[in-house]
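Working notes for the structure below.
Every chain is numbered from 1, with letters handed out A, B, ... down the list of sequences.
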Protein chains: 2
Amino acid sequence: MEKIDGNKLRGHLDAMVLSVLDQRDAHGFEIMQQIEKQGSGALHMKEGTLYPALYRLEEAGLVKAQWEDDTSSRRGPRRRIYHITVKGKKELNRQRVTWRQFVDVVGNIVEAPK
Amino acid sequence: MEKIDGNKLRGHLDAMVLSVLDQRDAHGFEIMQQIEKQGSGALHMKEGTLYPALYRLEEAGLVKAQWEDDTSSRRGPRRRIYHITVKGKKELNRQRVTWRQFVDVVGNIVEAPK
DNA sequence: CAAGGTATTTAGTCTGGCATAATACCTCCA
DNA sequence: TGGAGGTATTATGCCAGACTAAATACCTTG
């Protein structure tokens, strides 16, 4: 499947991240993989895109992050586990409404018959 | 109805303009009005957005423009009438496929149940 | 001739997704 | 013992394109 142009994702990424975190807590790398996976191969989320988005969401109080207790003998560096807040859930609900409206309105124009 | 954030429109505007022109030839101002109208009031297309987009489309050979013969006694300045080209129609078809894919893929993530 | 709706052009700003690279941690294996 | 490779985060700077804003111009009406 063809990759979706990044420009088209502008403004929709926050909703995607919140939705993934609404399913379960996750660290950055995991969110990236989850989005790629659920995106049927049409999305290629990169670090430079995801992490700044997470910082924005944290700044806005929509998610909280905490460093994982690194007692385990997992390989790799410590991870920041992200968790959606109550405020974040409310925002996600709003974003979902907005998403449906967007699809409706833009779809109505793009798909307009002659 | 709440206005859709301009960021969300990035990358989708060309398809909207082409689709409007696929319905009938129109001048810039008319396209703006048409999009606002078909957008159920949720879109507020402004000149600074539309005209540069039209120049890009013309540059790319997707639309052709010609100055209206101003024989009539209409009020206002001369208008540039835009017309979709064969290349533009092909592009519109591609964009429609892309649009459906976008809605599918992003919707699948944004609307994902817990 | 000023006011107001129509129509286009242009200049400049800003958001946010992208590419790239640096850093670091851990395991495995030569 | 060190380098290859997968995991994970941080930081820098680029750039497309939608936005705001204002200038210009045309025609009608009061």
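Note on A:Arg80: every side-chain N or O is 4.0 Å or more away from OP1 and OP2 of D:dT9. Under 4.0 angstrom from either OP1 or OP2 of C:dT9 there lies at least one side-chain N or O belonging to B:Tyr55. Remark: A:Tyr51 is not in phosphate contact with C:dG17, judged by side-chain N or O atoms under 4.0 Å from OP1 or OP2. In this structure, B:Asn7 does not reach the D:dA18 phosphate: none of its side-chain N or O atoms is under 4.0 Å from OP1 or OP2.
Remark: side-chain polar atoms of A:Ser19 are not paired, donor with acceptor, to backbone N or O of A:Ala15 under 3.5 angstrom. Checked by atom type and distance alone, the side chain of A:Glu111 never pairs as donor or acceptor with a backbone atom of A:Asn108 at under 3.5 Å. Checked by atom type and distance alone, the side chain of A:Lys8 never pairs as donor or acceptor with a backbone atom of B:Trp99 at under 3.5 Å. The main-chain N or O of B:Val110 is found under 3.5 Å from a side-chain atom of A:Arg96 such that the two form a donor-acceptor pair.
The NE2 atom of B:His12 sits 3.5 Å away from the CZ atom of B:Phe102 when rounded to the nearest 0.5 Å.
The NZ-P distance, from A:Lys8 to C:dT15, rounds to 23 Å in whole Å. Going from atom CG of B:Asp5 over to atom P of C:dG17 covers 11 Å, rounded to whole Å. One interatomic measurement links the two molecules: CG of A:Leu13 to P of C:dT15, which rounds to 17 Å at whole-angstrom precision. Spacing between atom NE2 of A:His12 and atom C1' of C:dT15 amounts to 14 Å, rounded to whole angstrom units. Between the CG atom of A:Leu50 and the C1' atom of D:dT9 there is a distance of 11 Å, given to the nearest Å. Atom-to-atom, CZ of B:Arg79 to C1' of C:dG5 comes out at 13 Å; the value is rounded to the nearest Å. As rounded to whole Å, 11 Å separates atom P of C:dC18 from atom CZ of A:Arg56. Distance, B:Lys46 NZ to C:dT6 P: 15 Å, rounded to whole Å.
When each of B:Asp14 and A:His27 is assigned the nucleotide of DNA chain D bearing its nearest heavy atom, the one mapping closer to the 5' terminus is A:His27.
The base of C:dG17 is not paired with the side chain of A:Arg10 by any donor and acceptor separated by under 3.5 Å. Scanning atom types as modelled, no donor and acceptor separated by under 3.5 angstrom connect the side chain of A:Glu47 and the base of D:dA11.
For B:Leu9, taking side-chain heavy atoms from C-beta onward, the closest of the listed nucleotides D:dC19, C:dA7, D:dT9 is D:dC19. Nearest nucleotide to the A:Trp67 side chain, out of C:dT8, D:dT9, C:dG17: D:dT9.
When heavy atoms are screened at a 4.0 angstrom cut-off, B:Gly48 is found touching base atoms of the nucleic acid.
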